[in-house]
Number of protein chains: 2
Amino acid sequence: MQITASDFDPVFAALADHTRRDIVRRAISAEEGILELASHYPMSFAVVQKHVAVLERAGLITKHRVGRRRVVRTNLEALLIARRLLDQYEALWLAQIGRMDELIAERAGAVGTVETKESKR
Amino acid sequence: MQITASDFDPVFAALADHTRRDIVRRAISAEEGILELASHYPMSFAVVQKHVAVLERAGLITKHRVGRRRVVRTNLEALLIARRLLDQYEALWLAQIGRMDELIAERAGAVGTVETKESKR
DNA sequence: CACCGATACAACGATACGGTTGTACGAGCG
DNA sequence: CGCTCGTACAACCGTATCGTTGTATCGGTG
């Protein structure tokens with residue numbers, strides 16, 4: 001399954017806020033309603049509610065009715081999708097290191113032909 | 001080196017843009033100046049320059065003089081720092097699953113396909 | 001049913017962001 | 001030495017975001 005590039009935007013944007021990351025962390029192990037969540041932060045209830053909405057739009061959390069509350073639960077899948085992208089970058093990096101090693105190995109053997117076409121403008 | 005929570009903000013914020021992620025990807029394997037980078041995107045040079053500045057502030061890339069250009073190179077370390085945070089979340093998740101398994105084992109009877117609705121406080 | 005606990009949502013202001021164009025500077029090439 | 005390539009940076013516009021307060025809604029509990 002291929003994830004389109006633009007899907008990452010809201011996920012990383014959601015993670016780019018300290019408070020929202022903390023909500024994600026809490027919602028992994030706790031079962032808190034929004035009012036309970038808000039009690040942890042020095043901001044109004046409405047702001048926390050908005051942060052939760054951002055996280056929900058990004059797919060990082062889901063809300064579920066429990067009694068009269070709506071408990072917030074983080075969705076690991078979205079976190080893994082983000083991590084997979086970072087893994088891809090790391091793989092690219094390692095592949096690049098591999099290519100560099102090859103180049104060095106080639107030079108060690110044959111000093112003659114230089115294949116690196118560097119455009120010197 | 002201690003990483004404070006607020007250090008993640010610029011990293012994730014920088015990764016929250018499609019173009020910037022692509023610059024990161026390119027700068028892993030290529031050695032391009034900003035003008036060359038800009039040629040890949042349907043926006044003005046100045047915007048790409050700003051994107052590069054955002055990435056540089058986040059520590060995701062570095063610039064190095066090569067000839068009259070400044071080539072952009074991605075800094076794997078920053079990517080790994082971001083990934084480590086996601087790993088921590090996953091670890092928390094797994095720990096939580098473990099705790100839930102314990103609970104289910106104690107109850108020994110409920111079918112696990114549905115979410116365990118509990119507590120009405 | 002009435003009330004209240006918990007959440008949703010709208011309006012508003014300050015600030016940041018993604019994009020534009022235009023100008024200025026520094027350093028190599030000819 | 002001068003030109004121009006590559007980059008930096010400022011001013012500006014529209015829109016999104018983070019924060020506020022106030023009001024509406026929905027569902028349980030008494």
Side-chain angles (χ1 to χ4, degrees), chain A residues 5-24 26-27 30-73 118-121, chain B residues 5-24 26-27 30-58 60-73 117-121:
Chain A
S6 54
D7 291 337
F8 289 106
D9 288 32
V11 175
F12 283 112
L15 289 173
D17 185 277
H18 174 49
T19 303
R20 284 198 292 260
R21 283 195 306 273
D22 200 66
I23 291 175
V24 166
R26 284 181 181 278
E31 290 266 314
E32 292 182 299
I34 298 179
L35 201 63
E36 295 160 296
L37 273 176
S39 71
H40 303 301
Y41 309 106
M43 58 193 74
S44 73
F45 160 77
V47 182
V48 175
Q49 187 175 292
K50 278 190 185 178
H51 281 316
V52 168
V54 170
L55 288 167
E56 192 178 18
R57 254 182 280 130
L60 281 164
I61 63 161
T62 52
K63 286 187 283 192
H64 307 267
R65 283 218 92 94
V66 171
R68 60 171 52 169
R69 301 171 303 156
R70 279 164 175 267
V71 299
V72 172
R73 204 176 299 162
E118 31 181 292
S119 52
K120 32 113 59 91
R121 250 161 299 164
Chain B
S6 55
D7 290 338
F8 289 106
D9 288 33
V11 175
F12 283 112
L15 289 174
D17 185 277
H18 173 49
T19 303
R20 284 197 292 260
R21 283 197 305 275
D22 199 66
I23 291 175
V24 166
R26 284 181 182 277
E31 291 266 314
E32 293 181 297
I34 299 180
L35 203 64
E36 294 160 295
L37 272 177
S39 70
H40 302 301
Y41 309 107
M43 59 192 74
S44 73
F45 160 76
V47 182
V48 175
Q49 188 176 290
K50 278 191 184 179
H51 282 315
V52 168
V54 170
L55 289 167
E56 193 178 19
R57 255 182 279 130
L60 281 164
I61 62 161
T62 51
K63 287 188 283 192
H64 307 267
R65 284 217 91 95
V66 171
R68 61 170 52 167
R69 300 171 304 156
R70 283 167 174 265
V71 299
V72 172
R73 204 175 299 162
K117 48 164 40 175
E118 52 178 64
S119 90
K120 57 273 199 97
R121 164 149 110 60

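The figures that follow rest on heavy atoms only: side chains count, while hydrogens, waters and symmetry mates do not. In what follows, every chain begins at residue 1, and chains take the letters A, B, ... in the order their sequences are listed.
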With rounding to the nearest 0.5 Å, note down the distance linking CZ in Arg68(B) to CG in Leu35(B). 11.5 Å

Using side chain to side chain contact (heavy atoms under 4.5 Å, CB included), reason through Ile34(B) and Arg70(B) one step at a time and then give a plain yes or no. CA-CA 7 Å; Ile34(B) 299 180; Arg70(B) 283 167 174 265; 5.6 Å; no

Output one letter per nucleotide in nucleotides 7-18 of chain C: B when a protein non-hydrogen atom lies under 4.0 Å from the base, S when only the sugar-phosphate is that close, - when neither is. BBB-B------S

Just the rounded figure in Å: distance from P of dC5(D) to CG of Leu37(B). 19 Å

Under the salt bridge (Lys or Arg N to Asp or Glu O under 4.0 Å) test against Glu56(B), which residue among Lys50(B), Arg20(B), Lys63(B) passes? Lys63(B)

Quick one: is dG19(D) close enough that its OP1 or OP2 comes under 4.0 Å of any side-chain N or O from Ser44(A)? no

For Ala58(A) and Val11(A), the nearest pair of non-hydrogen atoms, with its separation, is O-CG2, 3.6 Å

Atom NE2 of His51(A) and atom CG of Asp17(A): how far apart are they, to the nearest 0.5 Å? 4.5 Å

Atom CE of Met43(A) and atom P of dT21(D): how far apart are they, to the nearest Å? 13 Å

